[in-house]
Amino acid sequence: MKKHLLMLGGALVAAFVITGCAGITTNNGGVAPISAGPNFFTEVSANAMIQPATNLKYTVVKRDVQASAVLKSYFTCVNIGDISYATLKAEALKQAPGANDLVDVKMDYKMKNICGINEVTVILTGTAVKY
């Protein structure tokens, strides 16, 4: 009997240690939301900066252009939304006609999880330039 209880307790501890990870990682400035296991509540924030190419000459068209997007995930089975860098960049460049790239890019991430319903919000801020 004690052996079975010990095995059951060990299995429960292993299940809690292995699962239940939640957070946001960045991959070259892009967001990679991570949510695995039985998460009942999570609220995290992160940010990233994309370094500009210093050897290129450009003209500043508009400073502090912004774009945001939301990704919703339901129990990690259904994901709805587009928070890719390309989408955010295109949206930000709409605010600066004539610009063709962004420099000094900052990306802020917020993730909220309540009982398996995740919401990741990404806000991109940068300077629109023309090469």
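Small disclaimer: the values here were computed from a predicted structure and weren't measured. Counting from 1, the numbers follow the sequence of the chain as shown.
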> Say you draw a straight line from NZ of Lys130 to CG of Asn100; how long is it, rounded to the nearest 0.5 Å?
Replying inline: 7.5 Å

> When hydrophobic residues are tied together by side-chain contacts of less than 4.5 Å, even through go-betweens, does Met111 share a cluster with Ile80?
Replying inline: no

> So how far is it from Asn47 CG to Lys110 NZ, rounded to the nearest 0.5 Å?
Replying inline: 11.5 Å

> Distance from Asp108 atom CG to Ile123 atom CD1, nearest 0.5 Å?
Replying inline: 6.0 Å

>> Is there a side-chain contact between Val103 and Tyr58 in this structure, where contact means two heavy atoms from C-beta onward sitting under 4.5 Å apart?
In response: yes

>> Under the criterion side-chain contact (heavy atoms from CB on, under 4.5 Å), I'd like the reasoning laid out for Asn118 against Lys72: C-alpha separation, chi angles, the key distance, then a yes or no.
In response: CA-CA 6 Å; Asn118 296 326; Lys72 292 189 178 186; over 6 Å; no

>> So which atom in Ile83 and which in Leu88 form the shortest heavy-atom distance, rounded to 0.1 Å?
In response: O-CD1, 4.0 Å

>> Assess the residue pair Glu119 and Lys112 against the criterion (salt bridge (Lys or Arg N to Asp or Glu O under 4.0 Å)); give the C-alpha distance rounded to whole Å, side-chain angles, the decisive distance to 0.1 Å, and a yes or no.
In response: CA-CA 5 Å; Glu119 183 176 284; Lys112 185 180 264 187; over 6 Å; no

Can I get a per-line list of side-chain donor-acceptor pairs under 3.5 Å for residues 61-71, giving both atom names and the distance, sequence neighbours left out?
unit_1 : atom_1 : unit_2 : atom_2 : d
Gln66  : NE2    : Thr125 : OG1    : 3.3

>> If you apply the rule side-chain contact (heavy atoms from CB on, under 4.5 Å), what do you find for Tyr85 with Ile50, and how did you get there?
In response: CA-CA 11 Å; Tyr85 176 75; Ile50 300 173; 3.6 Å; yes

> Are Val105 and Met107 side-chain neighbours, meaning at least one heavy-atom pair lies under 4.5 Å?
Replying inline: yes

> Mind checking whether Ile114 and Phe75 sit in one hydrophobic cluster, side chains of I, L, V, M, F, W, Y counted as touching below 4.5 Å?
Replying inline: no

> Can you list the steps and then say if Tyr131 with Asp101 is a side chain to side chain donor-acceptor pair (under 3.5 Å)?
Replying inline: CA-CA 8 Å; Tyr131 291 110; Asp101 204 0; 3.1 Å; yes

> Which atom pair, heavy atoms only, marks the closest approach of Ala92 to Leu124?
Replying inline: CB-CD2, 3.9 Å

